[in-house]
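Structure record follows, encoded as structure tokens.
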Amino acid sequence: MAKHVEKAKVESAAPELQFGGVWKYEPAPESTDHFTIAPRYELFVGGQFVKPKSGEYFATIDPATEKPLSEVALAGDKDVDAAVKAGQKAFPAWKALSGEDRARFLFRIARILLERAREFACVETLDNGKPIKETRDVDVPLAAQHFFYHAGWADKLDLLFPGQRPEPLGVVGQVIPWNFPLLMAAWKIAPALAAGNTVVLKPAETSPLTALRLCEVFQQAGLPPGVVNVITGDGGTGAALVRHPGLAKVAFTGSTEVGKEIQRAVAGRNVELTLELGGKAAHLVFEDAALDQAVEGVVRGIFFNQGHVCCAGSRLLVQESVHELFVDKLRRRMSRIRVGNPMDKNTDMGAIHSKPQLQRIRELVAAGVDEGAVLHQAPCELPQKGFWFAPSMFTGVAMSHRIAREEIFGPVLSVLTFRTPEEAVEKANNTSYGLSAGIWTDKGARILWLAERMQAGVVWNNTFNRFDAASPFGGFKESGFGREGGRQGMRAYVRLRGGLLPG
Ligand code: NAP
Ligand code: MG
């Protein structure tokens, strides 16, 4: 461990960071915010970090430099089985605990997470490539909010489902993607525990470090062994988990393609399923909107988290009368986006998460050019090492173009136009996805008219990419089913027996 110990502090991180074989950091003299990334992480099963029975490990890297950060255990079938069994063993006692006691654990987890916020923000930024500004201000506080919010429901399930006798389901298998690793873990684990379930979580292969660090928080909080188990690994680990007969429910966030595979894997079994999948959100800007604010919303909609956002506003629909003006404003604003070292607190856009993701973005951008759309890229110098892509926008896009239909999952905006609200709705809904949408207009009545017609699980009005644990999130059509967050999210983690027993 000593060889590989690193120390870091968020605020003055940028200038001192040297990305070498192992990244090295000299903290400011007054700093007390030190943390380490271990050279190796094991699986978290039954409340302990345990070596994988598979004997295998894989590296996780910093996508901004391509340097390895640590190596992580690869869970094989036997490890998956051990984790599910640990969840089964812990279930009866966790279920029997009063809601008030379960809430205490969740509150404790939330508080410890906030106490260790800087460390979590740094590790997330290093492992994922997203800017420290976002991990510090969005990912970590929002992850803590999910534990706080769901702690509030743990002792109020009877109020949430009056007269319906809510019961936990059992062991829940949860599989999450790489774009919000800590937040997705919190988003999945918190409601499951609040309702009295136990969990086996499989983080994404390329961003496992914060979910593993969260296990340290569980230990610190004294969470009973086996209530949460975290098994790192690849797609095969995820597939083994969802196949396991000991699960009562599967909750998945990821691509539509894998979501369909999981649907097939659980078909015919007595397993509940929720799927949060891809998106191709329409972001509508009307001529009467506050255009400068709309520009900010559109930039947030597509360049936040490098565009690695399932609900990203990737299809901009601008009313024809203001198209030229709006595109001009956007182009100017895009040239001021600071792309670079994710650990620099002034950075707006960090690294693309992985090489395959960069290849996918490049492929779709090349297709956009080939199909005749006009590419605008912000002038910026990209680092030599690591995975990078400049903020990009296509104009002259037709609905038939791949860049208007397929999820790019990167910092690439496709701009289309419309004339009337009816045409806007028709174009917005002309997609196989239905996760989110955004509307910018000054007219309240128009917002209501549009929101009713938009086939999307989340519709933002005069804002975009705002998240809250109290607000249900989820898709229509190929964006999945089931909701996460809010009262609706709790529904996905209970079985309702109906009828009140006397006394
Ligand atoms: P992905 O390839 O579907 O992977 C998601 C997770 O599933 C990862 O942990 C992955 O492991 C695992 N996995 C892969 N194959 C599996 C299988 N056959 N059975 C079970 N698990 C399997 O998606 P991704 O590339 O990580 O994430 C990008 C996609 O997720 C985008 O399409 C995006 O829209 C969607 N997304 C949706 C939401 C939402 O809330 N709707 C949120 C975020 C992302 P590995 O990492 O080892 O491959
Ligand atoms: Mg990584």
Side-chain angles (χ1 to χ4, degrees), residues 56 58-60 72-75 77 80 127-128 130 139 146 173-188 200-209 211 230-244 247 250-266 271 273-281 304-314 352-361 364 406-410 431-436 456-458 465 467 471-485 489 492:
E56 289 182 54
F58 61 96
T60 185
V72 170
L74 188 137
D77 288 2
V80 170
D127 202 16
N128 175 279
K130 61 172 79 189
D139 299 63
H146 274 268
Q174 304 182 323
V175 181
I176 57 173
W178 45 259
N179 57 343
F180 292 94
L182 174 70
L183 182 58
M184 284 295 129
W187 185 305
K188 290 264 183 293
V200 179
L201 177 90
K202 207 294 273 181
E205 186 179 342
T206 48
S207 60
L209 294 184
V230 173
I231 46 166
T232 43
D234 57 12
T237 308
L241 177 60
V242 303
R243 272 198 315 264
H244 198 287
L247 298 184
V250 170
F252 172 76
T253 296
S255 59
T256 295
E257 193 189 349
V258 174
K260 286 182 182 172
E261 267 180 56
I262 292 178
Q263 259 181 307
R264 286 190 287 272
V266 303
V271 173
L273 179 65
T274 42
L275 296 176
E276 301 277 3
L277 308 175
K280 189 75 190 174
F304 169 66
N305 202 30
Q306 295 73 244
H308 302 326
V309 183
C310 47
C311 51
S314 51
I352 298 303
H353 178 67
S354 66
K355 199 172 191 176
Q357 191 56 36
L358 180 59
Q359 277 160 354
R360 161 130 186 109
I361 295 167
L364 276 160
E406 294 181 33
E407 189 179 37
I408 302 175
F409 222 57
T431 166
S432 55
Y433 293 114
L435 189 54
S436 67
V458 179
N465 271 347
F467 308 98
S471 173
F473 186 91
F476 289 9
K477 303 196 275 188
E478 295 212 344
S479 292
F481 49 79
R483 295 291 175 264
E484 293 187 314

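We count residues from 1, following the sequence as given. First listed ligand is number 1; within each ligand, the first listed atom is number 1.
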Using heavy-atom distances only, which candidate in [options] approaches [atom] most closely?
{"atom": "atom 7 (O) of ligand 1", "options": "Thr232, Val175, Leu74, Leu275", "answer": "Val175"}
{"atom": "atom 8 (C) of ligand 1", "options": "Val309, Ile176, Leu277, Val258", "answer": "Ile176"}
{"atom": "atom 35 (C) of ligand 1", "options": "Gly254, Gly278, Cys310", "answer": "Gly254"}

Main-chain N/O of [Y] paired with [X] side-chain donor or acceptor, under 3.5 Å:
{"X": "Thr237", "Y": "Ala75", "value": "yes"}
{"X": "Thr274", "Y": "Gly482", "value": "no"}
{"X": "Lys202", "Y": "Val242", "value": "no"}
{"X": "His353", "Y": "Trp178", "value": "no"}
{"X": "Thr253", "Y": "Pro177", "value": "no"}
{"X": "Glu484", "Y": "Phe473", "value": "no"}

For ligand 1, which atoms have a heavy atom of [X] less than 4.0 angstrom away?
{"X": "Gly238", "result": "19 (N), 20 (C), 21 (N)"}
{"X": "Glu261", "result": "18 (N)"}
{"X": "Phe473", "result": "40 (O)"}
{"X": "Asn179", "result": "43 (C), 44 (C)"}
{"X": "Gly233", "result": "47 (O)"}
{"X": "Pro177", "result": "26 (O), 27 (O), 43 (C), 44 (C)"}
{"X": "Leu435", "result": "41 (N)"}

- Query: Can Pro203 be said to touch ligand 1, with heavy atoms closer than 4.0 Å?
  - Reply: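 The answer is yes: ligand 1 sits under 4.0 Å from a heavy atom of Pro203.
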- Examine ligand 1 and decide if any of its atoms is less than 4.0 Å from a heavy atom belonging to Gly259.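 Judged by the 4.0 Å heavy-atom criterion, Gly259 does not count as contacting ligand 1.
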Starting from [atom], what is the nearest protein heavy atom, named by residue and atom, and what distance separates them?
{"atom": "atom 34 (O) of ligand 1", "value": "Glu407 OE2, 2.5 Å"}
{"atom": "atom 11 (O) of ligand 1", "value": "Lys202 NZ, 2.8 Å"}
{"atom": "atom 14 (C) of ligand 1", "value": "Gly235 CA, 3.6 Å"}
{"atom": "atom 25 (O) of ligand 1", "value": "Trp178 NE1, 3.1 Å"}
{"atom": "atom 2 (O) of ligand 1", "value": "Ser255 OG, 3.9 Å"}

- Leu182, Leu183, Leu201 screened by side chain to side chain contact (heavy atoms under 4.5 Å, CB included) with Ile176, the one that passes: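 Only match with Ile176 under side chain to side chain contact (heavy atoms under 4.5 Å, CB included): Leu201.
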- Query: Would Asp127 and Thr60 count as having a side-chain donor-acceptor pair, cut-off 3.5 Å?
  - Reply: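 Result is yes, a qualifying pair exists.
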Throw together a table of side-chain donor-acceptor distances under 3.5 angstrom for residues 256-263, partners on residues two or more places apart or in other chains.
{"from": "Thr256", "atom 1": "OG1", "to": "Gly278", "atom 2": "N", "distance (Å)": "3.3"}
{"from": "Thr256", "atom 1": "OG1", "to": "Glu478", "atom 2": "O", "distance (Å)": "3.0"}
{"from": "Lys260", "atom 1": "NZ", "to": "Glu478", "atom 2": "OE2", "distance (Å)": "3.2"}

- Item | Side-chain ion pair, Glu406 and Arg360, N-O less than 4.0 Å |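 Counted as a salt bridge, because a side-chain N and a carboxylate O are separated by less than 4.0 Å.
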